[in-house]
Structures are given as structure tokens and as C-alpha cells.
2 protein chains.
Amino acid sequence: MTISKPAVSNAMPSDIAPIENVPLRVQVADRLRNAILSGRLRPGASLVETALAEQMNVSRAPIREAIQILENDGLVETIAYKGKRVKPLTAREVAETYSLREVFEVMAARRILENGASLDLLRTHCDEMTAAAEADNFEALVAADEAFHHALIRLADHDLLLASWKNLYLRIHQIMALRNRDERNLSEVAGNHPPIVQALADGDAKRAIKLISDHTRILAAFDPATIVQTP
Amino acid sequence: MTISKPAVSNAMPSDIAPIENVPLRVQVADRLRNAILSGRLRPGASLVETALAEQMNVSRAPIREAIQILENDGLVETIAYKGKRVKPLTAREVAETYSLREVFEVMAARRILENGASLDLLRTHCDEMTAAAEADNFEALVAADEAFHHALIRLADHDLLLASWKNLYLRIHQIMALRNRDERNLSEVAGNHPPIVQALADGDAKRAIKLISDHTRILAAFDPATIVQTP
DNA sequence: CAATTGTGTAATGTCGACAATCCATAGGTG
DNA sequence: CACCTATGGATTGTCGACATTACACAATTG
């Protein structure tokens with residue numbers, strides 16, 4: 001994944017916004033990625049270059065490059081001379097995705113304990129989550145949850161880990177979109193996070209790791225059966 | 001990364017080799033990747049599409065797509081409308097690469113202990129390494145070393161881990177090519193591996209993990225100063 | 001002289017057309 | 001009927017030409 005902000009350093013009045021010159025392939029890739037991550041394009045759906053080119057009113061070149069970007073993200077696969085399609089999601093891949101995420105976040109926790117990063121960000125996101133849970137706001141809770149985990153990874157101060165985690169999290173987005181939402185456990189999930197922060201604050205590596213592992217496994221086990229393919 | 005073998009299922013006499021219909025972009029990508037991983041194209045070297053197209057006698061399209069493949073591999077970076085170049089390698093990136101590799105291999109060891117995979121492959125590669133070390137054959141030793149670690153990952157039976165590890169190992173190849181070979185420690189490095197296998201055989205997770213971590217860190221610390229950029 | 005404006009060049013970005021390939025399916029042949 | 005062959009359609013692969021952009025550097029202006 002390659003998210004690069006314009007990085008406006010001089011805080012000028014943003015009335016005259018900096019012209020953004022986004023290449024077509026990026027625009028196309030973003031739109032397609034959105035469609036996949038939101039579940040509008042389901043696993044197995046075929047992506048035909050000519051059709052997409054006509055729909056989006058661009059030539060095939062940017063479409064091809066966009067699809068290749070998504071291939072790098074692991075969301076699309078190509079079969080030469082035959083077609084491209086949204087990568088099918090197997091139950092195994094879902095399990096592997098979550099187990100790798102667990103390893104990443106455990107690694108982050110270890111590094112945070114070593115480099116003594118401030119945990120304020122994590123606490124903030126915990127508060128956001130509990131607020132969202134009380135307000136019964138599903139979207140906000142999901143957003144705060146992601147922000148928490150994102151912060152956890154960023155605090156580890158490891159660019160490669162961050163990039164790998166982001167890439168992995170794309171698939172998690174996709175998985176979540178394909179699941180039947182089980183909103184019952186939301187406040188429970190929200191409650192999982194503060195103890196993690198507390199363990200980190202206590203410098204208790206073992207407890208932090210166990211809490212993170214358990215939390216990830218709960219997420220992975222929600223309802224794997226609902227993941228299907230449309231061939 | 002996308003290494004896909006032809007996958008010849010029927011073990012026919014390979015006299016008449018199966019026709020390989022490799023797209024140009026893949027051939028180009030392979031050649032460029034070779035050049036980068038062997039150190040012939042150093043970090044910072046710029047890749048000009050038109051020049052490459054002329055040199056290789058193909059049009060720009062496959063060159064562009066090949067470069068994008070290498071971008072996915074994390075070996076090349078693009079600056080829009082300006083140019084593409086071999087991604088510069090910072091000391092930090094090198095360190096991060098090795099620390100992530102450590103995490104991957106520790107994860108693999110844990111899984112191997114859980115699923116009780118056979119360790120015969122690992123023992124075989126250990127033997128190859130000691131043989132190569134005795135014969136003072138540097139190339140063979142490096143190959144056997146990679147085979148050992150590759151096997152370690154494969155035994156973990158985790159496709160996503162395997163793919164991530166392969167991608168990471170690309171950069172390790174590059175790093176090794178850029179280093180001044182310090183051949184003194186070769187037999188020492190070779191000797192690091194059998195104890196790991198032994199620890200796995202004993203089911204001693206703690207010891208296996210410590211040995212793997214130590215081994216990785218030794219490799220990371222060889223001579224980081226020799227990594228330079230050519231802007 | 002300093003600052004701004006113009007201009008040229010080198011590189012990537014985009015396009016439309018054509019070629020190569022695979023797959024299914026129809027048709028022949030023993 | 002079973003098996004091989006060819007033919008057509010759909011899709012990706014490749015190409016050459018043109019458009020767009022950014023940068024450097026000269027030209028202009030005060």
C-alpha cells in the first residue's frame with residue numbers, strides 16, 4: 001500500500017488548496033480498492049479491463065496499472081490471458097491473516113516496552129471506543145478500534161512493521177465487510193483494550209502479550225463460516 | 001512477490017521442456033531484480049523506461065509493468081513525472097529487515113513445535129552447510145543457509161508467512177550482495193544451525209527461540225557500515 | 001543584482017490499435 | 001461413441017505515438 005499525504009508544511013490559509021495531481025491509476029486503484037474492501041466487489045468477482053476502462057472513461061493502461069497495484073496489495077490475482085479477479089478468500093487465509101496480525105501486534109508491544117513510548121495515544125483511543133460503545137455507534141467503534149491498533153503499531157517505531165501491518169489490515173477490512181456483523185460483542189471488544197494498555201504501563205510483557213493474543217483470536221473466531229466466494 | 005513455478009505435474013521426460021510462455025514484463029522484472037539483488041544496480045540508481053526499453057528491445061509498456069512489480073517487491077520507488085530508482089537502503093531499513101525476519105522465524109519455530117512437523121529437511125540442510133563450510137565453498141554455504149531458513153518457514157505451514165518471508169528475503173539478498181563478504185565467520189554461522197534443530201527436536205521452545213534470535217542478530221550485525229547509496 | 005517569468009528538455013502518464021493466447025464449442029473421423 | 005481438430009470469441013499482452021508534468025536554466029524586468 002502507498003498512502004502518501006501531500007504534506008503541506010507551510011501552514012498557509014488553506015483557501016487556495018494545493019492542486020492535487022493524482023495519476024489516473026491511483027484514482028482507479030482507490031476506487032477499486034474501496035469497492036473490494038467494502039464488499040461491493042466480492043471475492044471471485046472478475047475484473048475485465050475493457051469493461052472497467054469504458055465504465056470509468058479512461059484507457060486500459062491506467063486500469064491495468066491500478067489492477068497491478070491491487071495485486072500488490074494482495075486483493076486481486078491475475079491468470080495470464082484469461083482474466084483478473086478479486087482474490088478468493090479461503091477460511092485458511094482468514095485464519096492466517098489474523099495469526100500474522102497477532103504476531104505483528106505482539107512484536108509491537110515488545111518494542112513499545114523496550115523503547116518506552118508514551119501510551120497516551122492508546123488511552124485516547126480507548127476512551128473513544130468506550131464512548132462509541134455506550135452510544136451504540138458501530139461505525140465509530142470500528143474506527144476507534146482500528147485507530148487503537150494503528151497507534152499500537154506506530155508506537156513500535158518500525159516502518160517496515162507498519163507497512164506490513166497496513167497491508168495485512170487491508171484484508172482485515174475486507175473480511176469485516178464480508179462478515180455478518182455480530183454487534184452483540186461490541187462493548188465486550190471495547191473492554192478488551194484498556195487492560196492491554198494497563199499491562200503495557202505496568203511493563204508486564206507477558207500479560208500484555210497474552211491479552212493481545214486473546215483479543216486477536218476472539219476477532220478471528222467471530223463467524224468464519226460467513227466468508228464465501230462467488231466464482 | 002510472485003514467484004510461480006511452471007508446476008509440471010506429470011513427471012514426463014523433461015527432454016522436451018514444457019513451452020514457457022512468460023510475459024515480457026516478467027522476464028524484464030526478473031532480469032532487473034537479478035541486477036538489483038546481485039548489487040549490479042545499486043540503491044539510488046535511476047531506472048529510465050525509455051533507456052531500458054531500448055536496451056532490452058521491447059516497448060515501454062512491459063518495462064513499466066516490470067518496474068511496478070519491483071515496486072511491489074519494495075526494491076524500486078517511483079517519483080511521479082520525475083523518475084524511478086532503486087530504493088535507497090538506509091541503515092535503519094537494514095535493521096528493520098532483520099528484526100522482522102527474526103520475528104517471522106520465531107513464529108515459524110513456534111508453529112513447528114505446535115504442529116509437530118518433521119525436522120528431517122532441516123537436518124539435511126544442516127549437513128549441506130557443514131559440508132560446504134568444510135569445502136570452503138562460500139556460494140554453496142549461502143545457498144544451503146537460505147535453504148535451511150526457507151525450509152524452516154515452509155514447515156510452519158503458513159502461506160501468508162511464507163509469502164511475507166520471501167518478500168523480506170529479497171531485501172536480505174540485496175543487503176548481502178552489497179556487503180563486503182566477511183568469510184571468516186562462515187563455519188561459525190554454519191555451526192549455529194544444528195543447535196536450533198536440536199532445540200526443536202527437544203520441544204524446547206524457549207531455547208529454540210533464543211537460538212534463532214541470536215543467529216539473526218549476528219547476521220544483522222555483520223558490517224552494517226558498508227551499506228551505501230549512490231545518489 | 002535579485003526576483004520573476006519564460007522556455008526547453010527529459011522523463012513519466014495516457015491513449016488507441018493490433019497481436020497473442022486461452023477456452024469452449026462445434027465438427028469431423030476412426 | 002470416443003477422440004482429435006479447427007474455428008471463433010473473449011481477454012490479456014504489446015506496441016508506437018502523443019499528452020502532461022517537473023525541473024533546470026536562460027531571459028526579462030524592476
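Every chain is numbered from 1 and lettered A, B, ... according to where its sequence line falls, protein lines coming before strand lines.
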With nearest nucleotides of DNA chain D determined for B/E65 and A/N21 from heavy-atom distances, which residue corresponds to the more 5′ nucleotide?
B/E65
Spacing between A/E49 atom CD and D/dT14 atom P, to the nearest angstrom:
11 Å
Rounded to whole angstroms, how far apart are CD on A/E71 and P on D/dT12?
12 Å
Taking it one step at a time, do A/D73 and A/R33 satisfy salt bridge (charged side-chain N to carboxylate O under 4.0 Å, His left out)?
CA-CA 9 Å; A/D73 289 346; A/R33 182 164 32 229; 2.3 Å; yes
Non-neighbouring partners of [X] that pass side-chain hydrogen bond (donor to acceptor under 3.5 Å, both in side chains), sequence neighbours left out:
X	answer
B/E93	none
B/E128	B/H125
A/R101	A/E105, A/H149
B/R25	B/E65

In degrees, rounded to 10°, what is the bend between the two ends of the helix from C/dC1-D/dG30 to C/dG30-D/dC1, using five pairs at each?
0°
Will you find, in the side chains of A/E102 and A/H215, an N or O donor that is under 3.5 Å from an N or O acceptor?
no
Using a 4.0 Å heavy-atom cut-off across all strands, classify [X] as base, sugar-phosphate, or nothing.
X	value
A/R64	base
A/I79	nothing
B/L47	sugar-phosphate

Just jot down the ring-ring contact (aromatic ring centres under 6.0 Å, His included) partners of A/F148, sequence neighbours excluded, or say none.
A/H193
Taken in chain and number order and not counting sequence neighbours, the residues that satisfy ring-ring contact (aromatic ring centres under 6.0 Å, His included) with B/Y98 are none
Go through D/dC23, D/dT21, D/dG13 for me and flag the one nearest to the B/Y81 side chain.
D/dT21
B/D120 meets the salt bridge (Lys or Arg N to Asp or Glu O under 4.0 Å) criterion, sequence neighbours left out, with B/R123
Side chain to side chain contact (heavy atoms under 4.5 Å, CB included) partners for A/S38, two or more places apart
A/R40
Could you pull out all residues at least two apart from A/A61 that satisfy side chain to side chain contact (heavy atoms under 4.5 Å, CB included)?
A/S59
Heavy-atom nearest nucleotide on DNA chain C taken for A/K82 and for A/L24; more 5' hit belongs to A/L24
Please work out which residues in residues 51-61 of chain A have a non-hydrogen atom less than 4.0 Å from an atom of DNA chain D and list them by number.
A/R60
With a 4.0 angstrom cut-off to heavy atoms of chain A, pull out the first and last contacting nucleotide of DNA chain C, in 5'-to-3' order.
C/dG13 to C/dC23
